[in-house]
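Just so we're clear, the structure is a prediction, and the values are computed from it rather than from any experiment.
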Amino acid sequence: MANTAAQKDIVKKSEISGFILERTAKRMKQHFQQSLAAAAAGITIDQWVVLQELDKQNGLSQLEIAKATFKDAPTITRIIDLLCQKELTQRVIDDQDRRRFKIQLTPKGYKRIAELMPVIKDARQKAWGGLPDKDIDHLVKTLNIVFNNLSSEDTK
């Protein structure tokens, strides 16, 4: 009997926490998008995520970018097309496999990242403001556990 009650309690908590995670993720994305729009950045938050990933490791393939950003291939293709039109990235033929492209930041792309980093830092500060470092560390640890619990299912 107690086991059934405990299971119901876990289900209830997981429903609530799932809703809170979804709600918070949407609010954060809206906040970051509004911050970029207010700065006349000319890019979306999804485009920023790709630029940021390329800033960490320039010259990734579209598939590598998709995996790193947890976006599907058609979405990444559209984002990269737009970033190339804005001359922030470019497709360069892969020396190892001429059928593939590597996506690289252009000088204009690096400049845009540098210009927008203060905007992003301010948006992050507002989102995380008031939280002690230990709480942020605990949140990150907890979310990584949930993520890893679900990631192992995806590889089965």
Side-chain angles (χ1 to χ4, degrees), residues 14-15 17-129 131 133-156:
S14 65
E15 287 173 355
S17 61
F19 168 74
I20 291 170
L21 281 171
E22 179 71 15
R23 177 187 74 173
T24 304
K26 284 183 178 183
R27 176 66 55 89
M28 287 183 73
K29 189 171 183 176
Q30 289 169 348
H31 171 67
F32 279 85
Q33 187 60 54
Q34 290 167 353
S35 297
L36 288 171
I43 63 169
T44 65
I45 191 62
D46 290 327
Q47 292 168 6
W48 169 259
V49 168
V50 171
L51 290 175
Q52 184 175 324
E53 197 59 41
L54 288 170
D55 193 40
K56 290 180 200 171
Q57 188 176 350
N58 201 19
L60 296 173
S61 70
Q62 288 187 197
L63 180 60
E64 290 168 328
I65 295 169
K67 287 180 180 180
T69 60
F70 298 94
K71 298 190 181 303
D72 61 38
T75 299
I76 286 298
T77 299
R78 283 191 304 276
I79 291 170
I80 291 169
D81 286 346
L82 290 167
L83 291 172
C84 285
Q85 288 172 10
K86 295 173 185 186
E87 299 177 347
L88 301 175
T89 61
Q90 61 186 350
R91 287 181 172 92
V92 177
I93 294 174
D94 187 335
D95 292 338
Q96 307 300 319
D97 183 349
R98 298 192 52 77
R99 297 169 296 176
R100 291 177 32 162
F101 291 96
K102 290 186 175 195
I103 310 305
Q104 294 183 340
L105 289 168
T106 64
K108 187 176 176 180
Y110 280 113
K111 183 178 178 198
R112 183 67 54 89
I113 290 169
E115 293 167 350
L116 294 177
M117 191 54 74
V119 174
I120 295 298
K121 285 182 178 180
D122 285 348
R124 288 175 181 160
Q125 181 60 41
K126 180 168 181 168
W128 300 111
L131 281 173
D133 287 347
K134 67 180 179 70
D135 289 350
I136 293 172
D137 293 344
H138 182 71
L139 177 62
V140 169
K141 181 180 177 183
T142 302
L143 292 174
N144 279 330
I145 290 169
V146 173
F147 180 85
N148 290 329
N149 285 346
L150 299 174
S151 293
S152 63
E153 286 183 7
D154 295 339
T155 59
K156 290 181 182 176

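Q30 is not listed as a side-chain neighbour of I45, based on a closest heavy-atom distance of 4.5 Å or more. At least one side-chain heavy atom of T75 sits under 4.5 Å from a side-chain heavy atom of R78. Counting heavy atoms from C-beta outward, W128 and M28 have side chains that approach closer than 4.5 Å. Counting heavy atoms from C-beta on, the side chains of L21 and L143 come closer than 4.5 Å. L36 is not listed as a side-chain neighbour of T44, based on a closest heavy-atom distance of 4.5 Å or more. Side-chain contact between T89 and L54: present, with at least one pair of heavy atoms (C-beta onward) separated by less than 4.5 Å. Side chains of Q85 and L82 form a contact here, defined as non-hydrogen atoms less than 4.5 Å apart.
Checking S151 against N148 by side-chain atom types alone, no donor-acceptor pair falls below 3.5 Å. Side-chain contact, R91 with Q62: a donor N or O sits under 3.5 Å from an acceptor N or O.
With respect to the salt-bridge test (charged N to carboxylate O, under 4.0 angstrom), the residues K102 and D95 do not qualify. At a threshold of 4.0 Å, the pair K56-E53 counts as salt-bridged, since one of the basic side-chain nitrogens sits closer than that to a carboxylate oxygen.
The structure places CD1 of I120 at 7.5 Å from CD of Q52, a figure rounded to the nearest 0.5 Å. Between atom CG of residue L131 and atom CG of residue L139 there is a gap of 7.5 Å, rounded to the nearest 0.5 Å. Rounding to the nearest 0.5 Å places CD1 of I76 at 9.5 Å from CD1 of I103. Interatomic distance, CZ of R124 versus NE2 of H31, reported as 11.0 Å (0.5 Å rounding). Atom-to-atom distance recorded for L105:CG and L88:CG is 8.5 Å, nearest 0.5 angstrom. For the atom pair D46 CG and L83 CG, the distance stands at 10.5 Å (nearest 0.5 Å).
The ring pair (Phe, Tyr, Trp, His ring centres under 6.0 Å) analysis of residues 73-108, with sequence neighbours excluded, yields no pairs. Among pairs with a residue in residues 105-122, those fulfilling side-chain hydrogen bond (donor to acceptor under 3.5 Å, both in side chains) read N58-Y110, at least two apart in sequence or across chains.
The heavy-atom pair separating G59 from Q104 by the smallest distance is CA-CG, 3.9 Å. In this structure, T69 and I65 approach most closely via the heavy-atom pair OG1-O, 2.7 Å. Of all non-hydrogen atoms in L116 and A41, the two that sit nearest each other are CD2-CB, 3.5 Å.
E64 places a side-chain N or O within 3.5 Å of a backbone atom of S61 that can act as its donor or acceptor partner.
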